[in-house]
Amino acid sequence: MPELPEVETIKGDLQKKIKGKKIKNVVINIEKILKKPSLKEFVSKVKNRIIQEINRRGKYIIINLDSGEKLIIHLGMTGLLIYPIDQKSMANIIPKHNHLIITFTDDNQLVFNDVRRFGKVYLVCDINEVEGVAKLGIEPLDENFTKEIFIRMIRKKKNKIKSLLIKQEFITGLGNIYANEVLHRSNIHPLRVASSFTDEEIGKLFQGIKSVLSEAVEFRGSTVADEAYRDTDGEKGKFAERLQVYARGGKNCFKCGSTIEVIKIEGRSTFFCPQCQKL
DNA sequence: AGGGGTACCTGCGGGC
DNA sequence: TGCCCGCAGGTACCCC
């Protein structure tokens with residue numbers, strides 16, 4: 001589910017809500033989501049710890065504990081972090097998918113709920129102990145991600161641009177929704193080969209990445225139709241109504257009125273306007 | 001290198 | 001109504 005804007009929203013919420021709290025107890029209902037260490041070690045190392053800064057790297061949430069260890073959570077496709085658990089925040093959430101529950105000393109609870117169980121939880125000293133984190137590419141909203149660097153990155157690649165944008169080792173944080181949206185905003189066809197781009201096209205793509213992602217963060221992510229993503233209060237993201245192509249196959253392009261097409265690239269639905277995004 | 005397939009899971013909607 | 005299929009915001013691992 002969640003791509004950079006959704007994960008960034010959750011990170012910001014947690015930073016406001018749980019920083020400084022002390023963990024009284026932790027329960028894991030489905031052991032499979034815990035990748036390291038063992039359940040026993042995890043519980044004993046997390047109990048009585050105090051939450052410090054909350055960070056984000058790509059689509060991973062990193063919760064620093066006062067022991068120096070880091071609780072790292074990847075939300076997979078359908079993972080949610082809800083805090084605090086109450087009737088309102090859990091209104092649309094099925095409690096049988098509550099896989100990890102952290103209870104703080106004030107008795108408020110943080111829950112990790114994940115219908116499809118693709119989410120993952122780790123407790124490590126160094127974030128690079130998580131293979132998925134160690135190999136992540138550049139952060140697109142970071143100020144050291146510049147147009148000049150992006151030009152150098154794109155030049156040498158022979159991938160289809162859509163494949164490249166969702167490759168986390170290349171740029172981290174874009175997934176299927178935002179890669180589609182970025183390409184539409186930049187007027188670039190998803191099958192274009194990266195090495196064929198002019199500097200001007202790379203510049204447009206660069207602006208598209210920065211602007212789509214920062215607007216989506218501002219609108220607290222996308223909850224498409226009635227699908228899974230919620231913030232920590234159980235509220236929907238508001239960027240979905242601004243999506244131009246994602247999940248709009250067969251509908252009219254808002255810019256030019258042409259019919260939005262759907263193709264598969266590496267097994268994933270790819271939406272584009274054939275008029276605005278020519279090959 | 002880059003592309004493609006499969007697997008991991010549950011739930012939903014469409015077609016018959 | 002039920003059943004089967006394909007689809008879903010992600011990633012890892014396999015093969016070519």
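Lettering of chains follows the sequences in order, A, B, ..., and the numbering in each one begins at 1. This structure is a prediction, so every number in the text was calculated from the model and none was measured.
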When we call it a touch if two heavy atoms are under 4.0 Å apart, what does [X] touch: a base, just sugar-phosphate, or nothing?
| X | result |
| --- | --- |
| A:Lys35 | nothing |
| A:Gly119 | nothing |
| A:Tyr178 | nothing |

Within this structure, what is the [atom1]-to-[atom2] distance between [X] and [N], rounded to whole angstrom?
| X | N | atom1 | atom2 | result |
| --- | --- | --- | --- | --- |
| A:Lys162 | B:dG4 | NZ | C1' | 14 Å |
| A:Lys120 | B:dA7 | NZ | C1' | 12 Å |
| A:Leu75 | C:dG10 | CG | P | 11 Å |
| A:Ile177 | C:dG10 | CD1 | P | 7 Å |
| A:Tyr246 | C:dA8 | OH | P | 7 Å |
| A:Met77 | B:dC12 | CE | C1' | 14 Å |
| A:Leu165 | B:dG2 | CG | P | 14 Å |
| A:Phe112 | B:dC9 | CZ | P | 14 Å |

Measure the shortest side-chain to side-chain distance between A:Phe112 and A:Ile30 over non-hydrogen atoms and say whether it is less than 4.5 angstrom. no

Q. Short question: side chain of A:Thr9, backbone of A:Pro5 - any donor-acceptor pair under 3.5 Å?
A. yes

Write down the distance separating the P atoms in C:dC5 and B:dT6, rounded off to the nearest Å.
15 Å

**Request:** For C:dG6 versus B:dG5, give the span between their P atoms, rounded off to a whole number of Å.
**Result:** 14 Å

Whichever of A:Lys158 and A:Val115 has the more 5' nearest nucleotide on DNA chain B, that residue is A:Lys158

Ignoring backbone atoms, test whether [X] places a side-chain nitrogen or oxygen under 4.0 Å from the OP1 or OP2 oxygen of [N].
| X | N | answer |
| --- | --- | --- |
| A:Lys32 | B:dC8 | no |
| A:Lys160 | B:dG2 | no |
| A:Lys167 | B:dG2 | no |
| A:His97 | B:dG11 | yes |
| A:Arg268 | B:dG4 | no |
| A:Lys135 | C:dA12 | yes |
| A:Lys264 | C:dA8 | yes |
| A:Asn159 | B:dG3 | yes |

Notebook entry, point to check: What about A:Arg117: does its side chain form a donor-acceptor pair under 3.5 Å with the base of B:dC9?
Noted result: no

Next item on the list: Verify the cluster assignment for A:Ile166 and A:Ile188: are they in a single hydrophobic cluster under the rule of side-chain heavy atoms below 4.5 Å apart?
Entry: no

Out of B:dG11, C:dG10, B:dG3, minimum distance to the side chain of A:His74 belongs to C:dG10

The nucleotide from C:dA12, B:dG3, B:dG11 with an atom nearest the side chain of A:Glu266 is B:dG3

*asked:* Against the six-membered ring of A:Phe254, is A:Arg248 placed for a cation-pi contact (under 6.0 Å from the centre, within 45° of the normal)?
replied: yes

Requested in this report: Cation-pi check, A:Arg192 to A:Phe197: give yes when NZ or CZ is under 6.0 Å from the six-membered ring centre and within 45° of the ring axis, no otherwise.
Outcome: yes

Exercise for review: Using the six-membered ring for Trp and the full ring for Phe, Tyr or His, decide whether A:Phe118 stacks on the six-membered base ring of B:dC8 (centres under 5.5 Å, planes under 30°).
Suggested key: yes

- Message: With a 4.0 Å cut-off on N to O distance, would you call A:Asp106 and A:Lys21 a salt bridge?
- Response: yes

Salt-bridge present (A:Arg185, A:Glu215; N to O < 4.0 Å): yes

Under a 3.5 Å limit on both distances, the Watson-Crick or wobble mate of C:dA12 is B:dT6

Taking for A:Gln168 and for A:Ser269 the nucleotide of DNA chain C with the nearest heavy atom, the one nearer the 5' end belongs to A:Ser269

